[in-house]
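Structure, as structure tokens:
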Amino acid sequence: MDPDTVAADISLSSFLYALLLLLFLLILKHIFLKPPPLPPGPYPWPIIGNLLQLGKNPHVKLASLAKLHGPLMSLRLGTQLMVVASSPAAAIEVLKTYDRTLSGRYVSSSLTVKDPKLNHLSLAFAKECTNNWKNLRAICRTEMFSGKAMESHVELRERKVMELVEFLATKEGEVVKVMDLVFTTICNILSNTFFSIDLCDFERGGLKDFIYRASELGATPNLSDFYPILDGLNLHGSKKKSKEALGRILGTWEGTLKERRKQKNPGSSHRDLLEAFLEIGFEDDQINQVILELFSAGADTSTLTVEWAITQLIRNPDVMYKLRDELTKIIGESPVRESHLPHLPYLQACVKETLRLHPPAPLLLPHRATETCQVMGYTIPKDSQVFVNIWAMGRDPKVWDDPLSFTPERFLDSKSEFKGNDFEYIPFGAGRRICPGMALGARQVSLVLATLVHLFDWSLPDNMDSAQIDMEEWLVITLRKENPLRLVPKVRK
Ligand code: HEM
């Protein structure tokens with residue numbers, strides 16, 4: 001045989017052997033090194049996935065789906081993957097073990113902050129935990145949330161709450177929207193902490209209406225969240241609407257910002273956040289973005305907590321009685337001061353119990369996987385949205401006795417805290433993205449709640465079932481001297 005032909009045969013067969021070996025190795029890799037599957041979840045329909053299964057209160061629906069599919073579950077929303085942790089063990093994996101990888105933020109298309117130019121300036125919606133994000137958290141901690149900063153604002157918070165009391169006292173015989181007034185008070189506490197001015201008014205809308213509008217737009221689902229390919233089309237015109245709403249909010253402090261660039265804080269008794277930002281040399285865009293986010297994160301959450309606490313106290317007269325008793329014993333007839341708060345354990349237990357049953361952010365804020373990772377034997381692909389259903393965890397009978405009852409006593413004897421270490425109870429989140437305003441939030445909620453319970457009598461007409469109450473509209477009635485104001489729910493026709 002021709003030596004050339006022999007050589008060609010040998011090299012062909014070696015090539016075929018090599019190919020076979022490669023194929024064999026690939027098959028082995030596929031069998032043994034296959035990445036684990038996605039977390040289990042409900043069957044996704046073609047194109048829409050599980051979009052129709054979530055409904056109006058996704059945390060409630062997700063809680064019942066988790067009973068079927070387990071504590072780490074995945075759903076498809078259009079083309080997007082959503083992963084939900086629903087047990088303390090799964091929360092530990094997401095917020096502690098894989099905190100670094102899962103602490104990105106998923107940003108909805110309806111938020112203007114999705115724009116990379118703005119995202120770079122963001123605190124709450126920073127897509128990654130960048131140095132700028134760390135820096136912003138550190139500045140806010142020093143200037144607003146540290147023990148020292150909070151002490152310097154005590155007088156301001158107490159004054160704003162007394163203004164609420166005085167306003168209600170002028171409304172005898174009238175119907176008022178109490179929670180709207182509480183929202184005004186919280187907004188003014190925040191706006192004074194930021195700028196040393198009131199930005200809301202009890203009578204007129206102003207900032208609070210613009211914030212309502214912006215939150216409404218932020219919460220409205222947008223098709224391009226589920227099909228990012230549609231992002232450029234801006235089908236709902238939502239970006240334009242969000243831009244308008246934000247423009248109105250920024251307009252409420254634009255003048256102050258200009259003035260303060262010319263002249264240092266004139267005549268304020270406390271150092272405000274703007275003073276710190278100006279000293280650092282922040283541009284207007286940076287100041288506006290952070291303050292906008294602090295308003296959105298701090299006002300609604302605190303107001304909702306007060307609203308649910310009052311609702312639960314009205315539904316549970318024994319608890320209301322015990323709380324009033326504690327307030328009378330410790331405070332007497334005088335107004336509530338922040339210095340009273342550490343001496344009011346039952347009040348603190350009521351706030352904790354409210355946050356267990358009604359966390360204002362029931363799924364936390366949406367996290368994002370910055371890398372593909374493996375959690376509890378499942379794969380979480382890069383860019384998945386990751387949620388922790390703290391609403392489900394707060395009502396889990398495996399964790400809490402009689403979970404649906406409002407029983408503040410459970411917190412009196414327990415060491416359970418909401419500081420992000422007890423993963424069965426994390427109303428402020430845990431890990432890197434834990435709420436930086438936790439101490440301020442808890443303090444302003446406690447002060448407003450204690451004042452409303454101490455100075456007002458919340459009554460229901462005899463024929464009204466407490467389950468029917470709606471916190472919206474209350475009639476203010478003046479009664480006896482020692483019990484000056486009674487708030488009665490306006491019966492809806
Ligand atoms: C009862 C009151 C409050 C509750 C229950 C609450 C709860 C939360 C929760 C659950 C998160 C998301 C954590 C996560 O994604 O893992 C959060 C984030 C945040 N909260 Fe709060 N919050 C409250 C009050 C406040 C206040 C008063 C402020 C400031 C004025 C504030 C500022 C923020 C900010 C800036 C973030 C984003 C942090 C980041 O992404 O790095 N919160 N909050």
Side-chain angles (χ1 to χ4, degrees), residues 59 85 91 94-96 98-99 102-107 111 113 119 121-130 132-141 143-146 149-150 153 157 182-183 185-195 211 272-273 289-309 348 350-368 385-391 393-394 418-420 423 425-449:
H59 53 285
V94 169
L95 300 172
K96 192 172 168 188
Y98 293 92
D99 184 33
L102 300 178
S103 280
R105 198 52 98 210
Y106 175 83
V107 187
L111 296 174
V113 73
N119 196 270
L121 308 172
S122 178
L123 168 57
F125 299 108
K127 287 179 77 184
E128 316 261 341
C129 297
T130 56
N132 195 51
W133 167 85
K134 272 189 209 145
N135 195 22
L136 290 174
R137 275 187 75 112
I139 297 165
C140 291
R141 190 168 47 244
E143 300 293 338
M144 270 185 79
F145 306 130
S146 64
M150 297 237 306
H153 297 142
R157 288 189 290 273
V182 168
F183 190 72
T185 300
I186 305 262
C187 275
N188 281 339
I189 289 179
L190 293 178
S191 71
N192 277 279
T193 314
F194 304 150
F195 300 118
I211 296 185
D272 59 23
L273 191 61
Q289 188 59 38
V290 174
I291 297 221
L292 199 62
E293 292 180 4
L294 289 171
F295 265 125
S296 343
D300 220 17
T301 43
S302 304
T303 309
L304 269 172
T305 309
V306 174
E307 179 166 355
W308 270 114
Q348 287 170 26
C350 287
V351 172
K352 285 182 177 172
E353 182 67 338
T354 305
L355 287 168
R356 177 184 71 83
L357 279 171
H358 310 284
L363 296 168
L364 303 181
L365 291 180
H367 286 226
R368 184 179 65 87
Q385 290 185 53
V386 182
F387 291 91
V388 180
N389 194 342
I390 55 170
W391 183 88
M393 285 158 50
F418 45 56
K419 295 188 179 150
F423 280 82
Y425 180 59
I426 44 171
F428 294 92
R432 279 158 216 241
R433 288 287 190 163
I434 192 172
C435 174
M438 176 167 52
L440 173 61
R443 216 189 277 194
Q444 63 192 11
V445 165
S446 304
L447 180 66
V448 174
L449 178 65

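All residue numbers in this chain count up from 1 along the given sequence. If you're wondering where the values come from, they're calculated on a predicted model, not measured in any experiment. Whatever order the structure lists ligands and atoms in, that order sets their numbers, starting from 1.
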For [X], atoms of ligand 1 separated by under 4.0 Å from a heavy atom:
X: Trp133; answer: 39 (C), 41 (O)
X: Ala361; answer: 10 (C)
X: Pro360; answer: 5 (C)
X: His367; answer: 14 (C), 15 (O), 16 (O)

Open item on the list: Determine whether a donor-acceptor pair (N or O, by modelled atom type, separation under 3.5 Å) exists between the side chain of Arg157 and the backbone of Met150.
Closed with: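 Yes; at least one donor-acceptor contact below 3.5 Å.
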Open item on the list: Angle between ring planes, Tyr425 versus Phe418, binned at 30° and 60°: parallel, tilted or perpendicular?
Closed with: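 Ring orientation of Tyr425 relative to Phe418: tilted.
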Residue and atom name of the nearest protein heavy atom (relative to [atom]), distance in Å to one decimal:
atom: atom 19 (C) of ligand 1; answer: Pro436 CD, 3.7 Å
atom: atom 42 (N) of ligand 1; answer: Cys435 SG, 3.0 Å
atom: atom 29 (C) of ligand 1; answer: Phe145 CZ, 3.7 Å
atom: atom 32 (C) of ligand 1; answer: Ala297 CB, 3.5 Å
atom: atom 15 (O) of ligand 1; answer: Arg105 NH1, 2.9 Å

Task: Closest to atom 1 (C) of ligand 1 (judged by heavy-atom distance), picking from Leu273, Thr305, Val351 - done: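 Of the listed residues, Thr305 has the closest heavy atom.
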Open item on the list: Test of understanding: given a 4.0 Å heavy-atom threshold, classify the contact between Glu293 and ligand 1 as side chain, backbone, both, or neither.
Closed with: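 Contact part for Glu293 vs ligand 1: neither.
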Task: Location of contacts on Phe125 toward ligand 1, heavy atoms closer than 4.0 Å - done: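 Contact part for Phe125 vs ligand 1: neither.
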